[in-house]
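Just below is one structure, and these are the notes that go with it.
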Number of protein chains: 2
Amino acid sequence: MFSLAEENYLKTIYHLEQDTKGGVSTNSIADKMDTKPSSVTDMVQKLAEKGMLSYKKYKGTTLTTKGRKTAAGVIRKHRLWEVFLVDKLKFHWDEVHEIAEQLEHIHSEELITRLDKYLGHPDFDPHGDPIPDKNGNVKKTEKKLLSELTKKQKGVCVGVKETSSEFLQYLDKRNITIGTKLTVLGKEFFDGSMIIQVGRDQFFISKKTAENLYVQTT
Amino acid sequence: MFSLAEENYLKTIYHLEQDTKGGVSTNSIADKMDTKPSSVTDMVQKLAEKGMLSYKKYKGTTLTTKGRKTAAGVIRKHRLWEVFLVDKLKFHWDEVHEIAEQLEHIHSEELITRLDKYLGHPDFDPHGDPIPDKNGNVKKTEKKLLSELTKKQKGVCVGVKETSSEFLQYLDKRNITIGTKLTVLGKEFFDGSMIIQVGRDQFFISKKTAENLYVQTT
DNA sequence: ACTTATTTTTAGCCTTGTCTAAAAATAAAA
DNA sequence: TTTTATTTTTAGACAAGGCTAAAAATAAGT
């Protein structure tokens with residue numbers, strides 16, 4: 001059984017591993033968790049002793065198989081609760097993160113088994129992120145960033161990279177949500193901005209936005 | 001905002017106040033919480049400084065109005081989550097306590113407002129205990145213990161005093177649950193035991209059982 | 001009323017998880 | 001390759017919440 005703090009570290013390292021080649025640095029963990037590097041060192045050493053991380057001083061850290069499975073379990077819970085909050089309690093997708101952040105630490109196998117069933121064994125959370133299965137395995141999808149598309153390509157929005165309220169509300173204002181079909185009408189090489197078509201509407205999309213929206217090309 | 005430990009103390013003191021005249025003693029709190037009296041003294045003094053308890057050394061403690069409201073809020077959450085677990089996730093009523101014990105500490109007004117609505121604004125939890133409203137007020141019901149009934153009186157089971165798995169499973173084996181109608185066929189003054197009728201079946205009920213089952217006379 | 005037993009509090013220590021300040025590695029730059 | 005900058009670790013401290021052992025109040029028994 002892991003403490004709240006331990007679970008949060010494992011979860012964060014799991015996420016950081018995904019977009020980092022090699023080990024995860026102490027500072028990057030401290031940044032993500034809004035804590036100090038010295039605190040990170042302490043916890044990383046503790047988790048390494050517990051066999052959750054492999055760690056060499058000054059060389060960064062990586063999850064062990066056990067650590068990755070534990071982290072995936074926390075993320076599974078987080079994402080299932082998000083589905084519950086949106087599908088059943090009718091929260092908006094930009095309101096659920098903080099609450100799921102608490103709910104993910106409830107300890108009960110049986111609870112999650114039943115919640116999963118109750119929700120109809122969903123594969124993705126409300127932001128389009130995949131929900132790991134019981135064993136911590138994640139179906140990997142071949143989604144790409146909107147910014148990787150070129151003129152005239154069509155795609156379906158399947159997720160967001162950034163999950164801040166600001167960004168999600170920005171998308172809502174333009175009626176972009178999971179499942180939205182869109183077409184790239186034009187792309188500016190100068191600043192990476194795009195013009196896209198959504199339904200009957202056309203929007204200007206900044207590079208930053210295009211780099212935070214995942215699409216699946218059809 | 002209160003810590004998990006603080007909320008648990010307030011909740012426990014709330015419950016102890018109900019069946020105690022005068023202040024709640026340090027030892028009784030320690031017993032209920034499975035902790036040491038010295039730890040209780042520390043926390044009680046801390047909560048008194050925060051205005052949640054009124055406390056005089058060696059004289060026991062009582063909740064202030066603010067303290068009582070906070071405690072009722074925690075209990076409200078606990079009981080709403082129990083309804084969720086039983087009604088929606090199909091847990092059995094003897095399995096939900098530990099989980100609700102964790103869920104009651106999730107901090108989010110909005111979550112509880114929506115959960116309450118989702119569950120249809122229930123007034124009682126699966127054990128028949130009343131759910132405090134938003135302001136911490138509890139509808140008091142005129143339930144009595146089965147042991148207070150006399151021969152030939154009829155009643156409807158509306159709750160249990162003891163909530164251990166053992167007791168709840170014992171009741172289940174006899175098909176006694178919330179809403180069950182029963183009739184006292186006989187009562188033994190010697191040991192307080194009873195014979196009761198439930199449907200077509202007749203049972204022998206010990207004094208201890210009769211003292212832990214709440215009924216409403218009709 | 002006085003002695004004994006029980007309850008409650010105090011004092012001091014421990015663990016978890018955090019922090020600051022300073023030291024040690026590593027990386028970058030001249 | 002030295003020097004400088006950055007990153008990481010260590011050392012020591014702190015707050016929360018718990019514990020043990022001992023002291024102080026209160027309650028009970030004679």
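Just so it is clear: chains get the letters A, B, ... in the order the sequence lines come, proteins before strands, and each one is counted from 1.
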Which letter, B, S or -, goes with each nucleotide of nucleotides 6-11 of chain C from 5' to 3', with contact meaning a protein heavy atom under 4.0 Å?
-> -SBBB-
Applying the salt bridge (charged side-chain N to carboxylate O under 4.0 Å, His left out) test to B/Arg76, which of B/Asp133, B/Asp125, B/Asp116, B/Asp129 qualifies?
-> B/Asp116
Considering only NZ, NE, NH1 and NH2 on the basic side and carboxylate oxygens on the acidic side, decide whether A/Lys139 and A/Asp123 come within less than 4.0 Å.
-> yes
Just how far, in rounded Å, is C1' of D/dA16 from NZ of B/Lys50?
-> 10 Å
Could you tell me how the ring of A/Phe84 sits relative to the ring of B/Tyr118: parallel (under 30°), tilted (30 to 60°) or perpendicular (over 60°)?
-> perpendicular
Is it true that A/Arg68 and A/Glu17 make a salt bridge, defined as a side-chain N closer than 4.0 Å to a carboxylate O?
-> yes
Rounded distance in Å - CE (A/Met43) to C1' (C/dC19) | 14 Å
B/Glu95 meets the salt bridge (charged side-chain N to carboxylate O under 4.0 Å, His left out) criterion, sequence neighbours left out, with none
Grab the NZ-C1' distance between A/Lys36 and D/dG12 for me, whole Å please.
-> 18 Å
Let me know the distance between CG of A/Asp34 and P of C/dT18, rounded to the nearest Å.
-> 11 Å
Pairing of A/Glu162 and A/Lys208 as salt bridge, 4.0 angstrom limit = no
Could you state the atom-to-atom distance from CG of B/Leu4 to C1' of C/dT16 in whole Å?
-> 14 Å
